[in-house]
Structures are given as structure tokens and as C-alpha cells.
4 protein chains.
Amino acid sequence: MSTSQKRGSSAEVAADRRKQILKAAVEVFAERGFHRSRVSDIAKRAGVAYGLIYHYFQSKDHVLNSVFEENWAVFLKVLSELKDNQELTAVGRLKSVADLFIDALQIAPATIQVIIQEVSRSDRFVESNKLDAFEDGFSGVCSIISEGQKTGEIRSDLDPMVGAYIFFGALEMVCTGFMLKRIQCSTTEEGSALKLTVYQMLLAGMQAEPAKDPQ
Amino acid sequence: MSTSQKRGSSAEVAADRRKQILKAAVEVFAERGFHRSRVSDIAKRAGVAYGLIYHYFQSKDHVLNSVFEENWAVFLKVLSELKDNQELTAVGRLKSVADLFIDALQIAPATIQVIIQEVSRSDRFVESNKLDAFEDGFSGVCSIISEGQKTGEIRSDLDPMVGAYIFFGALEMVCTGFMLKRIQCSTTEEGSALKLTVYQMLLAGMQAEPAKDPQ
Amino acid sequence: MSTSQKRGSSAEVAADRRKQILKAAVEVFAERGFHRSRVSDIAKRAGVAYGLIYHYFQSKDHVLNSVFEENWAVFLKVLSELKDNQELTAVGRLKSVADLFIDALQIAPATIQVIIQEVSRSDRFVESNKLDAFEDGFSGVCSIISEGQKTGEIRSDLDPMVGAYIFFGALEMVCTGFMLKRIQCSTTEEGSALKLTVYQMLLAGMQAEPAKDPQ
Amino acid sequence: MSTSQKRGSSAEVAADRRKQILKAAVEVFAERGFHRSRVSDIAKRAGVAYGLIYHYFQSKDHVLNSVFEENWAVFLKVLSELKDNQELTAVGRLKSVADLFIDALQIAPATIQVIIQEVSRSDRFVESNKLDAFEDGFSGVCSIISEGQKTGEIRSDLDPMVGAYIFFGALEMVCTGFMLKRIQCSTTEEGSALKLTVYQMLLAGMQAEPAKDPQ
DNA sequence: AATGAATGAGAGTTCATTCAT
DNA sequence: GATGAATGAACTCTCATTCAT
């Protein structure tokens, strides 16, 4: 009695345990992929008995869902704020989205990877609610592009939705390259260089000459 | 006993059966993902007994490998020819790569998807030989970009490898959008429009103004 | 700390808690069967934390044992008194046994059901001590039948043990029918009617004619 | 090559395997009870790998269902024929039902026990379709009793449904006693003696005197 | 006394792979 | 070549039980 009681209530401890398990799950999923990861792998990584995972999550699938919901939601929120931010130009807003992504990549690369690679593909044609949440991200970027086209900032001969897909695809593969250690962006300098390349390629184009009409 | 043997040698028939199974496998993998696909699903789709699959392939993994090797190899071959084709500018070569991809997407979208999504992720940290073959594709594009930088065609402040990743990422996500029916490119017109958007975004940039120095 | 302690000693409170848990257990076992009932189901029904059950009982099995012992013991005691009650005829004693059963059914149907259906089957070939206690019940009725045969009250061509099994089997299935809402005996009238049918069938026979020699 | 091919097609062999597994399942369920029986126990008893069980049955529950459906159905069919057999008196028909049961008990005691003890209780309040099939048996006997009451063969002060429950309850417990080795009926003589006791108790009554009005 | 987080043995089920026919 | 019955390793999930608080 009158022992430690380090800090916080049991509710806080429970929240910590949950986070601890989610963190371990993200790491394991990122390393081995969702299907190759066993629940016991997650437990081992988290340093708990695997039964405990079922105390906090209904199933292995629900663990993945939680990773998605609790992180993608944050991204969507920021995106939604950006979308309506009239202080920035459309291009500025797209840059901000890319920044958001690349910053997140530096802070929590495994989370980004799991979200993009596992969730978006896990039950591709089965549960579409996750897909819908995903689609929201594309729609947000699509809106920004459309608006930029109206203001003349962005070329009007682009299909905005294809633009959004290209935009995310580019960011995703950068993420994959990062996870595979083919792309470096751990330091601030590397991060800046990466952002620059992304900006150039997606916004300004690769070509050195301002020749604006390929095809 | 003493049945038909309809046409051709038994070797030809065997080759047909093999293709039949590979075709079914690609469809099933594209729909459900590799790990959620059962060998019996492939067999059912191919209209054969699942035991037969083991006459033509050592294992389920080998089926996926074959999908990869027999298709990516073709891509690599074309890419390798392009890389050294001095008749085209670097930008022209990149366009050709994109064309190759988008054409393949229209002809065999499921194959493209399986290659990109399943193979590249299947055994991420386990077998690296497939990854190496994958890397060859990135290297090819990376080379073209580098060369373009030397000739002054392509902006020199880009990281060529990051450029290659962005390039493939963009194409991959377009593929995903296509599979998810969010992007249309079934007709020739749609294909052309898609290519245009891809060219613009990756080569010329989204921005309408030739302002060449974002950041 | 220094909480209520509403009435009675802590021993009384403990006894109450025990009863409360046993009552909940009987209800849950009757509804879902022993094996499908979780300790947490019992706890939920009793309105306590499931850990508490282990303060009052060694294990889930012991809860079932307690249900049995503390109720069947009562029945055995009454049966034992009846067996030696020379004021009643053998038939009168059998009627009393049936009455005892049917009265109990009206008062505590779930308890009766759990005792008969779960205890008698739970560990059929594993622990025989419970089975022995069960057997005591059959023996008691068997004795009464034997004695009735000696006094000429009961037909001598019956096997007394088979008679006892038939006797209990009849009562048990009536219990099941009651639990399944197929047999009504909630009111006093229904109870009397039920008893009459039981008496007639088991003692006097179904047949209207006094033709005493079927075969 | 040119090996045994003992007898029958592969369809027959499959049917045999199914029966072999069902037989093993009945034995194991009868000995240990459904919930204490592991799928591997059934497999071991049947001499097959447990995976094979899932080749023939969807789940452990489906094995139990099959035991029920494929045996109770037979009983119901005979009962239904008996019910409408106008060549027999009501009492004669009830005797036939009892005979049917006791004969079955001698031929396949484990099957009878599993049907009565496991199926009827397994998912008591969950799946009612099995319960309905069960109820059909009670209804059949109930009908016979009602008819007997109309023709004056059977005492009119009995509740027919209660009568049916008593009837089956008696037979069931006889079955239990047999399984527990407390009741013998392996030989023809023992079987006849058992039938006699059942007839007497249920139809003629236990009492020696033709005193027809207890209570 | 009371709680419920934590544990892990145990059971059901899936499915890649083998092999007799 | 072709079939699908047979096998069993591997995995998810359940839940009785323990124990720190």
C-alpha cells in the first residue's frame, strides 16, 4: 500500500498500454507487412502477453483499423483546414500538403508506411469505409487543384483527380523508398532537399526549359 | 485414356495451361491481394483442380514470382533499350517510359497492379532478389534523369533517385486509381488524356506560369 | 474505507455475496449451459467484478459444484427421511418425491435444471463423486420401489432400478419442458394438474381400462 | 499401379470417410460430452488427420448437427408413419415408439445419447431449428396420446403434451442409465425385460392393484 | 473485500502442400 | 497430365485464473 502510483489514473495507464501496443503494431506491420505479422509478434514487441491485445482490441484487424483511424484522421483534419485556407495560393496549399507528408515521414515513417501500404490495400474490395476515408484525402487535394485551375494558377488541361492520384502516388513511393533506405531524409537538410525535389517535380516540372507544351 | 490431344504438341498444351493458371492468378491476386488469395481460388478461376497448379509451379510464392519475372522482365528489357536510345532526348525517353506504363495499364491492368502492389511488398525484408529486379527499374529511370541533367534538359537541383521514385509512385497510384475505378483510361481518348496529365505534372509541372523557382 | 457496512457482520455480508453469485450462476448456467457460460457472464449478472468470484469459489467448476451440493443435498435429505417414513405407503412416498420435485420446479426451476442437466453431465467419466451423490437419489427411489414390491403395492415384474431411472427421467424432461416454456406450471392449479398427470402416468398408467397385462 | 481398388468409386469412399468420422464423433461426444471433445479427439478416434474433418464438415458444430439430422430424421420418419397407422391402437403405437427407442438404444446407444443429451442442450436458446425438429418428436407422441384419449383408450385427465414429455424423459434417462452402465440391455432378454418395465410403468402403471384413482 | 488488467494454455480453423489414384 | 482427398503446421482468438493495487 502507498506504493508508487507513478502518475495518472488507471484510465491513463490503460491509454498508455493501448498506445504501447499500437506503437509495437505499427513497427511490426511496417517491417513484415500485416499478413506476415502474428499477433504474438506485436505482443512480443510491446512486451506484453498476446492475450492483452484482445483486451484493448477486438481483433488483429481492429489493431490495423485503429492505426489508420487514429492517424489518417489527423491528416484529414489538417488537410481540411488547408483546403479552406484562403491566405495561401493553391500551389502554396499543395506545398503544405507535401510538407505535411514529408514531415510526418520524418517523424513517424512506419506509421505512414503502414497506413499507405497495408490499410489502403488490406481489404481492397471488402470494406469500403476505409477506402472512403482514403478517398477523402484524394478529394481534398483534388479540390485544391480545381480551385487553382479556376484562379489560373494551375494548368487547366490537367484532370484534377488524376492530379491528386499522381500527387499522392509520388509521396507514397517516396515513403517506400525511405523505408527501403533508398531515400534519405533523416536530417533537416535531407528533408529540405527532398521537399525541393518534390516541389519541382510535381509543381514546376522536371524540365529545365520553360517549354510548357510537351506531347 | 487415348483421349483427344486436340491440337499441338503436349508441350504447347502445357504452356497453355501454365498461361491459363498465371492469368487466373493475376486476376485473383489483383482482386483479393496475394495473402488473401487461396491456391484453390486460383484453381477455381482457372477451371482446374488445385493440385494441378503444383505441376506447373513449385509453390504459391512461385506463381507470384512468375507473374513478376515474366512481365517485369519485359518492362526492364524495353526500359534498357530506351535508356541507351540516343535518338531520343531524356525527356522523350521518360515520356516513352510513362507511355509504356500507361499502355500496359490499358492492356493488362491487373498484371501491373499485382506487380507493383504485391511483388514489391510481398517479402519486403526477406528475399531481396525481387527487390533488386525492381530496383533495376528505378535505376533505369534514374539514369535517364541523370543524363538529362548532364545535357541540361532536366533541372540539376533534383535528386535523380528521388525523381525516379516520384515517377514510379505517380504511375503506380494512377494504376491503383484505375483499378478502383476512380480513374478512367479504357478508351484511346481517355488514355491520351491520362498521358497528357502525367506528362504535364511530372515533366512540365502543374503550374500554369513558367515561374521556375518555387520553394 | 470506513464505508457503510449496512447491516450485519462482515460474515453475513460475505454469505450474502456468495448467495448472490450462486444465484447469478444458476441463472446463467440455466440459460446458456455451463460450458458456454463465462465467469464474466456470472459476474455481470451478479453485478460484481469477476475477480471477486475467486474470493468465494476456487474455480468455475467449484461454483457448479456448490450449486449441486447445496441443493441436491437438501433433496437427498428429504428423500432419505421419506425412504424411512413408515407412515406412508410406497406409492405415497413416490408421490411425495414427485411432489418435492415439482414444487421445487415451481420455486427454483433454473436450479433444478442446472442440477439435472449440467451436473449430471459435466464430467461424466471424469469425477465420479458427484455422480455418486446423484446415484444416491436413484438408489433412494429404487429402495422405495423395492419395498413396495415386497409389500405387494407395486408390480413385482418391474426392475426397480429401471423404475427409478424412468421416474427421474420423467421428472427431468418435465423440467426441461417447463424451462422451454412448453409446459406450464407457474400457478397452483397448473402445478396440481401437472402432478396429477405425473401420478397417473407413472403410478396408475396411462391406460383407461384396468387391463393390467399389456405386453 | 493396378493396385487394390478394393470396392466402390471415390464418391463411395468419400461417403465412407464421412461415416467413419461421424461414427468416431458420436463415440467421442458420448464419452466426453460435446464441449469437452476436441476436434483432434474425433480425428484420432477416426484415425485421420484433423484437417480432414474440415473437408467433410464445416465446423465442429456441423459435425454434431449432422449426427442429429441424419439420425433423428430417421426416427421422425418412423414416428410419422406410426402416428397415422390405423391398424394399431394408440397404446400399441406408443409401445412401438418405445420399442423403436429401446431397439435403437441397443443398436446405437452412443448415437441416441448424443442426440438426446448434447443436441437437445447444446445451443438451447440459440438455434431453435434443431429444437423445432426435436419438438416434432414430442408433437408426434402428443398426437397419439390425444387420439387415444378420444377413443377412450387413454385416461382423459392427462395433459397430452406433459404425457409426451414424461414419455421421452423416461426413455432418455433409461438411455443415460444404460450409458452409465447402471442399466443393462445388451442381450435380447435384457432388452425385453427393459421394454416390459417401460410398458408397465408408462402404460399400465406401477401399482399392482387396479386402483385407478390415486391423488 | 473488491477490481479488472494481465497472463497463457488450449481449442478451432485455415490452407499450402503432398500424393495415391 | 489431372484430380481432390489427406495432412499438419501455423495462426487467431477465448477465457479461466492470477495478482497488483
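Heavy atoms only: backbone and side chains are in, while hydrogens, waters and symmetry mates are out. All chains are named by letter (A, B, ...) in the order of the sequence lines, taking the proteins before the strands, and each is independently numbered beginning at 1. Just so we're clear, the structure is a prediction, and the values are computed from it rather than from any experiment.
- Spacing between atom NE2 of His35(C) and atom P of dG12(E) amounts to 12 Å, rounded to whole angstrom units.
- Partners of Arg45(B) by side chain to side chain donor-acceptor pair (under 3.5 Å), not counting sequence neighbours, listed by chain and number: Glu27(B), Glu31(B).
- dT18(F) atom P lies 15 Å from atom CZ of Phe57(C), rounded to whole Å.
- Between Leu64(A) and Val114(A), some side-chain heavy-atom pair lies under the 4.5 Å cut-off.
- The aromatic rings of Phe34(D) and Phe29(D) stand perpendicular to each other, their planes meeting at an angle above 60°, with 30° marking the opposite boundary.
- Expressed to the nearest 0.5 Å, how far CD1 of Ile112(C) lies from CH2 of Trp72(C) amounts to 8.5 Å.
- If you find the closest nucleotide of DNA chain E to Tyr56(A) and to Lys60(D), the one lying nearer the 5' end belongs to Tyr56(A).
- A straight line from CZ of Arg17(A) to P of dT21(F) spans 12 Å, rounded to a whole angstrom.
- Rounded to an integer number of Å, the gap from NE2 of His62(C) to P of dA16(F) is 15 Å.
- Asn65(B) places no side-chain N or O within 3.5 Å of a backbone atom of His62(B) that could act as its donor or acceptor partner.
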Under the rule of Watson-Crick or G-U wobble with both distances under 3.5 Å, where | means paired to another strand and [ ] a crossing pair, DNA chain F maps to .||||||||||||||||||||
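- One finds no side-chain N or O of Arg38(B) lying less than 4.0 angstrom from the OP1 or OP2 phosphate oxygen of dT14(E).
- Contact between the side-chain N/O atoms of Arg36(D) and the OP1/OP2 oxygens of dA11(E) is not found at any separation under 4.0 Å.
- Residues from residues 42-55 of chain C placing a heavy atom under 4.0 Å of any atom in DNA chain F, listed by number, are Tyr50(C), Tyr54(C).
- Regarding Asp41(A), its CG atom lies at a distance of 8 Å from the P atom of dC11(F), rounded to whole Å.
- Counting non-hydrogen atoms under 4.0 angstrom, Ser40(D) reaches nothing in the nucleic acid.
- Here dT13(E) presents its C1' atom at 12 Å from CG of Asp61(D), a figure rounded to the nearest Å.
- By the 6.0 Å and 45° rule, Lys19(B) does not stack over the aromatic ring of Tyr56(B).
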